[in-house]
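Ligands are counted one by one from 1 in listed order, and the atoms in each one are counted from 1 as well. By convention here, the first residue in the shown sequence is residue 1.
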Amino acid sequence: MSGDLPTDPDKRKAMRQLAGEAVKHATRLVPGSRIVENWDGALFQKLYESGMHRNTALPKDFKDMHGRKFFRPPGALFEDKFLDACSRCAKCVVACPENVIFVAREGDGPPVGTPYLKPNHAPCTLCGECMEVCPTGALAKTPVGEIRIGIAVVEPDTCLGYLQKDCKACHEACPLEPNAIDFDATMPKVDSRICTGCGLCVKACPTKPPSIVVLPRPARSKKGDK
Ligand code: SF4
Ligand code: SF4
């Protein structure tokens with residue numbers, strides 16, 4: 001990857017504005033705490049324990065909010081629509097300036113020939129080039145604040161902030177505004193309304209292995225909002 005964040009200041013400013021707009025809207029719908037707790041806690045626990053980021057199996061019947069159990073590039077349609085639309089042309093793969101879009105091969109998980117991301121190994125800078133070049137609409141042009149690749153989750157056993165140390169690496173790496181990572185004293189908390197699952201925080205985390213990982217976003221609960 002050539003850098004952690006887009007270097008073009010105009011692109012970065014536009015990205016922040018778009019994210020801010022989307023978040024303002026979301027905040028109107030969900031007033032109160034910045035931390036939305038409408039996720040199925042037991043499912044999250046299972047997801048984390050399954051070690052998705054360690055490349056082991058997810059619960060058999062798990063599907064994320066887009067009907068899949070792996071990560072697609074920004075703007076990817078719901079999985080069945082995506083598979084209908086995507087022509088496997090690989091234009092997104094070629095366009096990605098960070099070289100973080102992979103073409104699935106046999107055994108990788110996603111259907112062979114389709115593009116996917118590995119945000120825990122190679123973060124996406126949310127530049128939007130892939131959505132721009134996609135000729136079929138399989139990657140729909142989506143404002144930065146509405147991109148949902150996955151969601152970052154903190155591992156409290158090893159996170160330096162949870163060990164009362166002063167570390168803000170994940171917060172500083174987050175490209176969004178408002179920032180998706182807030183703190184409870186020194187402990188980082190991910191705001192699910194804001195996080196895109198880009199993986200920049202994972203790369204920035206100084207612990208080995210990282211104490212923040214991107215997991216697939218579970219489908220929203222019926223009562224939940226974002
Ligand atoms: S937005 Fe698309 S093209 Fe840009 S870094 Fe992310 S995956 Fe690559
Ligand atoms: S550019 Fe669009 S159609 Fe081509 S491989 Fe990527 S997602 Fe599929």
Side-chain angles (χ1 to χ4, degrees), residues 1-23 52-53 64-106 108-152 170 172-177 179-180 194-204 210 212-217:
M1 196 172 124
S2 59
D4 283 355
L5 299 170
T7 47
D8 180 340
D10 289 339
K11 196 175 262 183
R12 199 157 155 68
K13 191 172 164 210
M15 186 174 106
R16 283 172 179 270
Q17 276 167 352
L18 285 169
E21 281 310 306
V23 170
M52 203 270 177
H53 50 293
D64 77 353
M65 65 184 287
H66 295 111
R68 48 189 165 240
K69 55 169 85 185
F70 40 79
F71 306 104
R72 291 281 191 208
L77 302 178
F78 197 86
E79 187 63 7
D80 53 358
K81 292 200 169 63
F82 177 86
L83 290 175
D84 282 348
C86 176
S87 61
R88 280 75 160 165
C89 67
K91 287 193 172 153
C92 54
V93 179
V94 174
C96 178
E98 308 295 349
N99 296 319
V100 297
I101 306 183
F102 300 87
V103 176
R105 292 169 306 182
E106 202 66 51
D108 283 349
V112 172
T114 61
Y116 74 108
L117 299 184
K118 302 190 220 177
N120 292 306
H121 303 282
C124 161
T125 56
L126 307 173
C127 72
E129 295 293 334
C130 51
M131 296 184 283
E132 280 300 321
V133 300
C134 177
T136 66
L139 303 182
K141 292 185 180 66
T142 305
V144 170
E146 292 169 25
I147 290 172
R148 294 291 178 260
I149 297 166
I151 183 157
C170 51
E172 281 157 13
C174 179
L176 300 168
E177 200 171 288
N179 199 298
I194 304 174
C195 178
T196 60
C198 68
L200 286 164
C201 53
V202 180
K203 186 171 186 228
I212 187 162
V213 295
V214 178
L215 294 177
R217 275 187 176 250

Say you draw a straight line from [atom1] of [X] to [atom2] of [Y]; how long is it, rounded to the nearest 0.5 Å?
X      : Y      : atom1 : atom2 : answer
Cys195 : Asn179 : SG    : CG    : 10.0 Å
Arg68  : Asp80  : CZ    : CG    : 9.5 Å
Leu200 : Cys170 : CG    : SG    : 12.0 Å
Leu215 : Ile151 : CG    : CD1   : 8.5 Å
Cys86  : Arg72  : SG    : CZ    : 7.0 Å

Inset, instruction - Provide the number and element of each atom of ligand 1 under 4.0 Å from a heavy atom of Gly128. - result: 1 (S), 4 (Fe)
Inset, instruction - Take atom 8 (Fe) of ligand 1 as the centre and count protein N, O or S atoms at distances under 2.8 Å. - result: 1
Could you tell me the residue and atom name of the protein heavy atom closest to [atom], and the distance to it rounded to 0.1 Å?
atom                    : answer
atom 4 (Fe) of ligand 2 : Cys89 SG, 2.2 Å
atom 7 (S) of ligand 2  : Leu139 CG, 3.6 Å
atom 2 (Fe) of ligand 2 : Cys134 SG, 2.4 Å
atom 5 (S) of ligand 2  : Ala90 N, 3.2 Å
atom 8 (Fe) of ligand 2 : Cys86 SG, 2.4 Å

Inset, instruction - Evaluate the criterion side-chain contact (heavy atoms from CB on, under 4.5 Å) for residue pair Glu79 and Phe70; output intermediate values, then yes/no. - result: CA-CA 10 Å; Glu79 187 63 7; Phe70 40 79; 3.5 Å; yes
Legend entry - Close side-chain approach of Asp108 to Phe102, heavy-atom, < 4.5 Å: no
Inset, instruction - Would you mind telling me if ligand 2 is within reach of the side chain of Ala76, the backbone, both or neither, using heavy atoms under 4.0 Å? - result: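 Answer for Ala76: neither.
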Inset, instruction - May I ask you to list the atoms of ligand 2 that are less than 4.0 angstrom from any heavy atom of Pro135? - result: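 By the 4.0 Å cutoff, the relevant atoms are 1 (S).
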Inset, instruction - For the residue pair Thr142 and Arg148, confirm or rule out a side-chain donor-acceptor distance under 3.5 Å. - result: no
Legend entry - Heavy-atom closest contact (Glu129 atom, Ala95 atom, distance): CB-O, 4.0 Å
Inset, instruction - Indicate the atoms forming the closest heavy-atom contact of Val93 with Pro115, along with that distance. - result: CG2-CB, 4.4 Å
Legend entry - Sub-4.0 Å heavy-atom contact, Thr136 with ligand 2: yes
